[in-house]
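Just below is one structure, and these are the notes that go with it.
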There are 2 protein chains.
Amino acid sequence: MKKGRVTLKDIATKLNLSPSTVSRSLNDHPAIGEETKKAVKELANALDYQPNPMALGLLQKKSNTIGVIVPEITSHFFSAIITGIQDVIGPSEYNIMICLSNESYEEELTLVKKLSKMRVDGILVSPSSATKDFDHFRRLQNNDVPVVVFDRDCPGLEADKVLVDDYSGAYQAVEYLVRSGCTKIAHLGGPLNLSTTKHRLQGYLDALEKNGIPKREEYIFHVKGFSHKDGLKPARKLLEMEDAPDAIFAVNDNIATSAIHVAKKIGLRIPEDISIVGFDDEPHSSYFSPALSTVWQPVYSLGMLSARILLQRIKDTSAKNDFRLEVFKPELVVRASSRENLSDISG
Amino acid sequence: MKKGRVTLKDIATKLNLSPSTVSRSLNDHPAIGEETKKAVKELANALDYQPNPMALGLLQKKSNTIGVIVPEITSHFFSAIITGIQDVIGPSEYNIMICLSNESYEEELTLVKKLSKMRVDGILVSPSSATKDFDHFRRLQNNDVPVVVFDRDCPGLEADKVLVDDYSGAYQAVEYLVRSGCTKIAHLGGPLNLSTTKHRLQGYLDALEKNGIPKREEYIFHVKGFSHKDGLKPARKLLEMEDAPDAIFAVNDNIATSAIHVAKKIGLRIPEDISIVGFDDEPHSSYFSPALSTVWQPVYSLGMLSARILLQRIKDTSAKNDFRLEVFKPELVVRASSRENLSDISG
DNA sequence: AAACTGCATGCAAACGTTTGCATGAAAATT
DNA sequence: AATTTTCATGCAAACGTTTGCATGCAGTTT
């Protein structure tokens with residue numbers, strides 16, 4: 001009795017109709033009589049009929065699924081973006097398939113293959129920190145699968161992009177540090193080939209230069225990951241230098257947290273001896289002591305907009321060439337981990 | 001030319017074979033000649049043939065997809081579980097569809113319908129805090145979709161379950177507080193109808209009773225959510241009482257963090273004036289000051305095991321009735337937010 | 001009465017696979 | 001030489017939909 005789900009044919013048989021009539025009834029086709037429609041709809045409801053998406057997908061050559069590739073989801077940053085994506089896609093007709101590349105190019109490649117095989121109708125992607133080549137995304141595009149890149153740029157790839165102005169965020173942070181009287185400002189940067197960390201580094205460098213502070217190579221570190229432990233050793237090296245910095249701009253809140261941790265351990269007062277600024281504004285950052293000064297990014301909106309753009313791109317398969325580029329502005333949030341006594345440098 | 005993907009038929013035509021022969025060749029059917037096999041496989045490789053999963057799914061009445069329903073993913077807890085799930089399912093033949101219920105029963109219901117419609121082959125679920133009735137999961141089971149419940153129990157539902165011994169974790173934490181000399185131990189608990197928070201509450205109560213400390217109703221709060229801000233007001237109420245507690249056991253690290261925040265603001269010293277213990281051991285918890293004492297849970301393993309059990313259940317459709325119940329032991333991690341001078345209470 | 005217009009419905013093909021059964025040819029047995 | 005066996009391959013149905021076209025039947029027009 002309960003073998004398999006109820007199909008169009010089942011309904012057809014019970015009503016002495018053909019499957020096509022049942023199909024048309026459910027789709028409100030004008031050529032079907034009102035009574036028939038009503039009868040069909042009622043029975044379909046009673047039997048809890050649910051169209052088989054695979055049959056549909058086979059016929060229409062689409063899966064009604066969109067793929068999302070992110071490096072990881074344990075950080076608040078990506079999980080909040082995904083929440084934004086979900087909130088847009090969820091109510092639509094599409095399903096989401098979330099995939100983690102674990103910051104590995106090979107895994108990313110595998111995932112793209114898997115999603116392509118699945119015939120996803122579109123892809124949202126933030127590339128891994130190991131990805132330097134974007135041909136796998138181009139192959140998707142050649143198969144008419146639209147690609148939207150978010151947060152981490154893929155330079156040279158022609159696609160819709162939703163990014164954050166990391167340069168501006170870093171510039172704001174460092175300029176603030178300068179105005180608060182810091183002169184020896186270090187940078188705990190991230191992996192080298194990510195657009196985001198590159199731009200943060202550049203924002204740091206330009207803010208220094210603009211304010212007449214010479215760049216010091218020994219003040220710049222390229223941390224290899226984004227988690228707390230990745231920041232500990234570099235922070236220690238930095239703070240135990242002879243001529244230690246009086247401020248640190250970190251590539252994210254985790255690394256900034258490591259720096260705070262090390263600074264405290266060494267016996268430095270924050271922010272009197274050293275100012276520390278992070279990036280991301282994770283929810284717990286304001287609960288640290290001292291509360292972390294950081295750069296806020298509109299993560300949820302970023303996820304939502306990316307999803308909306310993809311949805312629109314899927315609907316409107318024309319307009320092949322004019323890709324959208326959306327750049328969100330981040331914002332400095334000053335808390336207790338950085339000095340407050342601003343000098344006027346407008347002159 | 002590039003219309004649609006390459007199909008079995010395409011390969012068949014090019015090789016002057018029938019689709020069935022091509023299919024059998026690719027599946028290493030013994031009845032196919034070696035040369036034919038080789039020729040087919042080579043061409044399939046050259047054309048980058050990828051079988052259409054929808055055609056397959058239609059035929060075999062399965063989607064090769066498993067659904068995951070979680071209340072949210074912005075906390076480290078669930079995102080780490082999902083990472084564990086991914087690491088098990090990823091290499092398998094199955095795809096994962098992650099869905100967020102946002103702690104809402106209605107959304108959970110919608111998601112179950114959606115996944116059922118998709119013909120997922122199995123479901124991993126941690127119910128929302130608003131869910132009291134589990135018939136929607138039973139309906140899945142009746143459609144031969146195996147369900148594995150993780151972390152948050154569904155009392156009365158017969159299914160495989162992978163849980164954490166929250167009772168033990170809470171008991172450990174509170175007993176530790178007692179042994180360290182605290183006598184006025186409060187509890188910032190969570191929403192009332194979750195198995196996890198209920199068990200943590202019970203562990204708290206039993207640890208008190210066992211140690212001869214009378215329960216004080218005014219020391220017990222039921223916080224409505226799990227985020228920082230949900231804990232602020234209750235923490236303030238607690239700490240500004242006339243007879244304020246000398247220890248707080250919080251339902252999770254976020255709430256514990258709020259308590260620390262409030263305590264500091266009021267001017268209390270931690271742990272001299274008040275000990276605070278959390279639950280979850282989030283990655284940043286050891287970087288707070290004072291570093292948070294908390295109860296660690298094997299989240300990643302929990303995700304992995306849940307996924308493994310589901311996979312096995314899908315493979316082995318027999319053995320309907322003997323469901324597995326796996327309970328992980330959590331572990332108290334003592335850091336700086338709780339007193340250390342343990343007295344011997346063994347006598 | 002014959003032809004025509006609507007209208008409601010059914011037929012059959014298609015989407016890309018898999019698989020039981022039939023077919024055909026060559027090789028091995030009688 | 002006739003039969004059986006073996007081996008390699010093809011045919012066709014099935015999975016659950018949608019959709020262009022054909023069909024049939026009523027009512028309306030000539």
Side-chain angles (χ1 to χ4, degrees), chain A residues 2-41 43-44 47-65 93 116-121 143-144, chain B residues 2-41 43-44 47-65 93 116-121 143-144:
Chain A
K2 74 162 82 128
K3 277 228 159 161
R5 319 285 183 96
V6 39
T7 75
L8 273 192
K9 229 180 257 179
D10 296 338
I11 301 184
T13 319
K14 283 202 185 152
L15 255 43
N16 256 334
L17 288 170
S18 77
S20 34
T21 305
V22 175
S23 167
R24 282 190 260 253
S25 298
L26 292 173
N27 294 329
D28 260 331
H29 194 284
I32 301 294
E34 286 306 324
E35 304 165 42
T36 326
K37 271 190 197 173
K38 194 187 288 182
V40 168
K41 285 183 182 173
L43 185 59
L47 296 181
D48 191 30
Y49 166 73
Q50 296 182 318
N52 185 323
M54 279 122 109
L56 245 163
L58 186 57
L59 200 57
Q60 306 175 169
K61 290 160 176 290
K62 60 185 303 237
S63 61
N64 270 287
T65 299
E93 60 199 293
S116 160
K117 188 170 170 175
M118 283 210 60
R119 271 70 172 172
V120 290
D121 302 324
N143 275 341
D144 287 321
Chain B
K2 75 161 81 126
K3 277 231 161 151
R5 319 284 183 96
V6 39
T7 75
L8 273 193
K9 230 181 257 178
D10 296 338
I11 301 184
T13 320
K14 284 201 187 155
L15 253 43
N16 257 332
L17 290 170
S18 78
S20 33
T21 304
V22 176
S23 168
R24 281 191 260 253
S25 298
L26 292 174
N27 294 329
D28 260 331
H29 195 283
I32 301 294
E34 286 306 323
E35 303 164 44
T36 328
K37 269 188 196 173
K38 192 188 286 183
V40 168
K41 283 181 182 174
L43 185 58
L47 296 181
D48 192 29
Y49 166 73
Q50 297 183 318
N52 185 324
M54 280 120 109
L56 245 164
L58 185 56
L59 199 58
Q60 308 176 167
K61 292 162 175 286
K62 61 185 303 236
S63 62
N64 270 285
T65 300
E93 58 199 295
S116 160
K117 189 171 170 172
M118 282 210 63
R119 271 70 170 171
V120 289
D121 302 323
N143 275 339
D144 287 321

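Residue numbers start from 1 in every chain, and the chains themselves are labelled A, B, ... in the order their sequence lines are given, proteins ahead of strands.
Under a cut-off of 6.0 angstrom, the local environment of CD in B:Glu35 is sparse, with at most 12 non-hydrogen atoms contributed by other residues, nucleotides or ligands.
Considering A:Asp10, A:Leu15, A:Leu17 as possible partners of A:Leu43, the one that fulfils the side chain to side chain contact (heavy atoms under 4.5 Å, CB included) test is A:Leu15.
Residue order along DNA chain C, read from the 5' end via each residue's closest nucleotide, puts A:Pro19 first among B:Arg24 and A:Pro19. Residue order along DNA chain D, read from the 5' end via each residue's closest nucleotide, puts B:Ala55 first among A:Ser23 and B:Ala55. Mapped onto DNA chain C by nearest heavy atom, A:Ser18 and B:Tyr49 fall at different nucleotides, with A:Ser18 at the one closer to the 5' end. Sequence order on DNA chain D of the closest nucleotides to A:Asn27 and A:Lys9 puts A:Lys9 first from the 5' end.
The CG-P distance, from B:Leu8 to C:dT19, rounds to 12 Å in whole Å. B:Leu59 has its CG atom 15 Å from the P atom of D:dT17, to the nearest Å. As rounded to whole Å, 9 Å separates atom C1' of D:dA14 from atom CG of B:Leu58. As rounded to whole Å, 23 Å separates atom P of C:dA14 from atom CE of A:Met54. Atom CG of B:Asn52 is separated from atom P of D:dA14 by 21 Å (rounded to the nearest Å). Per the geometry, CZ belonging to A:Arg5 stands 16 Å off P belonging to D:dC15, to the nearest Å. Atom-to-atom, CG of A:Leu56 to C1' of D:dC15 comes out at 13 Å; the value is rounded to the nearest Å. Between the CD atom of B:Gln50 and the C1' atom of C:dT17 there is a distance of 15 Å, rounded to whole Å.
In terms of phosphate contacts, A:Thr21 brings a side-chain nitrogen or oxygen within less than 4.0 Å of OP1 or OP2 of C:dG10. For the pair A:Ser20 and D:dT19, the criterion of a side-chain N or O lying under 4.0 Å from OP1 or OP2 is not met. At C:dC15, none of the side-chain N or O atoms of A:Lys62 fall inside 4.0 Å of OP1 or OP2 (strictly under the cut-off).
Taking the charged nitrogens against the carboxylate oxygens, B:Asp28 and B:Lys41 do have a contact shorter than 4.0 Å, which makes a salt bridge.
In this structure, the side chain of A:Arg119 engages the main chain of A:Lys117 through a donor-acceptor pair within 3.5 Å.
You won't find any donor-acceptor pair under 3.5 Å spanning the side chain of B:Thr7 and the base of C:dC15, going by distance alone.
Looking at every heavy atom in both residues, B:Ala12 comes nearest to B:Pro19 through CB-N, 3.7 Å.
Residue-level contact check: A:Asp10 touches neither bases nor backbone, having no heavy atom under 4.0 Å from any strand.
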